[in-house]
Structures are given as C-alpha cells and as structure tokens.
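All remarks here apply to the structure that follows.
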Amino acid sequence: MTVAFLFGALGALALVTRTGCTDNANGLGSDGVPELDYTDVDLGLTQRGPHFDIAYSKNVTALVGKTAQLNCRVHDLGNRTVSWIRHRDIHLLTSGRMTYTSDQRFISVHNPHTEDWILKIRFPQRRDSGIYECQVGTTPPIGHRMFLSVVAEPLTTILGGPELFINTGSTINLTCVVQHSPEPPPTIRWTHSDEEINYDSPRGGVSVITEKGETTTSHLLVQRAKAPDSGRYTCAPANANPRSVLVHVLSGEHPAAMQHGGQLRLQYPLSAALLSVIVTLMGC
C-alpha cells in the first residue's frame, strides 16, 4: 500500500510540473498552444526549480535615445545561467554577465543580492522594438518573452477633438489620453484660454479625475456649461506634448451634429460663425 501511495504521489507531481516558454504578449507557449496555470501540490517530494516572476518581468515602452531596461526575475535559479535572446533574428545578446553581440549598446546587469537579470539597451532606436526572451539554461531551456516598444515621444490626444459643441446647461466632459509613455506623467495641467484652471473657483462645478497607468487618462468635468466656458482647453502632461480642443457652448442644437448627453460632436468641423448662422435660422 505504501508503494501504491508513492506512485500515486509521483503521478500527481507529474501533472502539476511544467517547463516551457511563457509569452507576456499573448499567453501562448512556444508550440502555439495557450498555456495553463497550474498549482503545485506540495507533498514534500518536489523541488520546483527555476521559475519566472511574471509580475516583475513585463513589457516595456521606452523613448528613442533614452536607456531602456527589460527586467527578468527568476526564482530558485541555482547554478543555471540566464541569457537574453532577440527574437527578430534569434540572436544571443547576453549570457550571464557576458555580452555576445558586437552591438555594445546591450548590457547584462545583475546584482548578486537580487533575483533580477536586466537587459539594458543604451540609446534605443525604433528598430530595437520587438520581442526579447529571457531564457534559463535548464534541460530543456525555459524562457519568458517580453515586448519592447521604442517610440519617438509619448502621444497625447483629447477624445472628440479638435472642436466640441456643447449645449448650455450640460456637462463639458473632456478626456485627455497619454500613451506610449515610459512612466505615467507626474502631473497633468489643464488650462482654459491659456489660464490654468482653478478647481476651487467661485464658479464651482469644475473637477478633474486622473487615472495613471500604462495609458494615463485625465477627465476634466465642467458642470452646467455657460457661454463663458467656451474657448480653448489644453491638456499638458509633464512628460509629453500638450494637446488642445476648442469648445463651443451653444444655446440651441444643430441637426447635422451627433448628440451624446448634451455634448455635440460635428462630423465635419464648421467655423463658429457659420454654426451661429445656422442656429439662428433654425430659431426663426
């Protein structure tokens, strides 16, 4: 009976043990089959061996010319070697702390007191974008893939621009989106007609909600819109180019516009003067 229990335990361990390559971009293994997450059964008979900490081994966005770092955290590495491979040309870049490419921009960095193996890329260019694999020299090797995106500069957009037409009394809702930033902007300034917006002004009803992450969004809300609220609104992230939108607060509606909760977006931007003439004629 003891022998039967031992073989049963070993069978359970075989079911929960896996090796292979994880893909941070699409969740597929090296054989193209979606990978499954297993839970170890701790019967005191197994040593898990090297494994990746996915939470600290993520995709990276970097700016052209500014050093990029891909981090790979490996637990229980033992005496195995960590290598970095570029998938574009299946090129071995580094192994351990040694560099195996003539491109000296690539450097392997490892602090013996940590489990992090870092691929540092100095002066990255757009052509450096692509998949990089952190590989551990087990038998067979296991690897974790990450995507490096190198961009010229963060992209700032205001949804619905460049002009918005708002009904009087409705809420102006401006959404500013910051993408491709290596890190969230520390601050985002909103201005109205080149003056910084005061959220504590006597007017009241003006607020901003900012959500930071890989993509940062900032929502400017101006309640009970009136004619003085018309003008140019600018979203200015601290680490990206500003973007502006021209807001028109109207006393009537325009039949060719699309209305969403009192906020009108013209399919084809018209000048404010022409719009005023049309609104006047409709009121006759």
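For the single chain, residues carry numbers from 1 onward in sequence order.
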Which pairs count as salt bridge (charged side-chain N to carboxylate O under 4.0 Å, His left out) when at least one residue sits in [range], sequence neighbours excluded?
range	answer
residues 220-229	Arg203-Asp229
residues 168-179	none
residues 86-98	Arg86-Asp89
residues 146-157	none

query: Who are the ring-ring contact (aromatic ring centres under 6.0 Å, His included) partners of His110, not counting sequence neighbours?
result: Trp117

How would you list, by chain and number, every residue that makes a side-chain contact (heavy atoms from CB on, under 4.5 Å) with [X], sequence neighbours excluded?
X	value
Thr81	Ser83, Ser95
Asp200	Asn198
Thr216	Val178, Pro184, Pro185, Ile188, Thr210, Lys212
Asp194	none

query: Cluster partners of Ile85, using ILVMFWY side-chain heavy atoms under 4.5 angstrom, listed by chain and number?
result: Leu92, Met98, Tyr100

Can you give each donor-acceptor pair under 3.5 Å made by side-chain atoms of residues 70-79, sequence neighbours left out, with the distance rounded to 0.1 Å?
from	atom 1	to	atom 2	distance (Å)
Asn71	ND2	Tyr56	O	2.7
Asn71	ND2	Asp116	OD1	3.4
Arg73	NE	Asp116	OD1	2.6
Arg73	NH2	Asp116	OD1	3.4
Arg73	NH2	Asp116	OD2	3.0
His75	ND1	Glu115	OE1	2.6
His75	ND1	Glu115	OE2	3.3
His75	NE2	Asp53	OD2	3.0

- prompt: Can you tell if the side chain of Cys176 reaches within under 4.5 Å of the side chain of Arg243, non-hydrogen atoms only?
  reply: no

Report, one line per pair, each donor and acceptor closer than 3.5 Å where one atom sits in a side chain of residues 121-132; sequence neighbours left out.
from	atom 1	to	atom 2	distance (Å)
Arg122	NH2	Gln104	O	2.8
Gln125	NE2	Phe123	O	3.2
Asp128	OD1	Arg105	NH2	3.0
Asp128	OD2	Arg105	NH1	2.8
Asp128	OD2	Arg105	NH2	3.3
Asp128	OD2	Gln125	N	2.8
Ser129	OG	Arg126	O	3.1
Ser129	OG	Val150	N	2.8
Tyr132	OH	Asp128	O	2.7

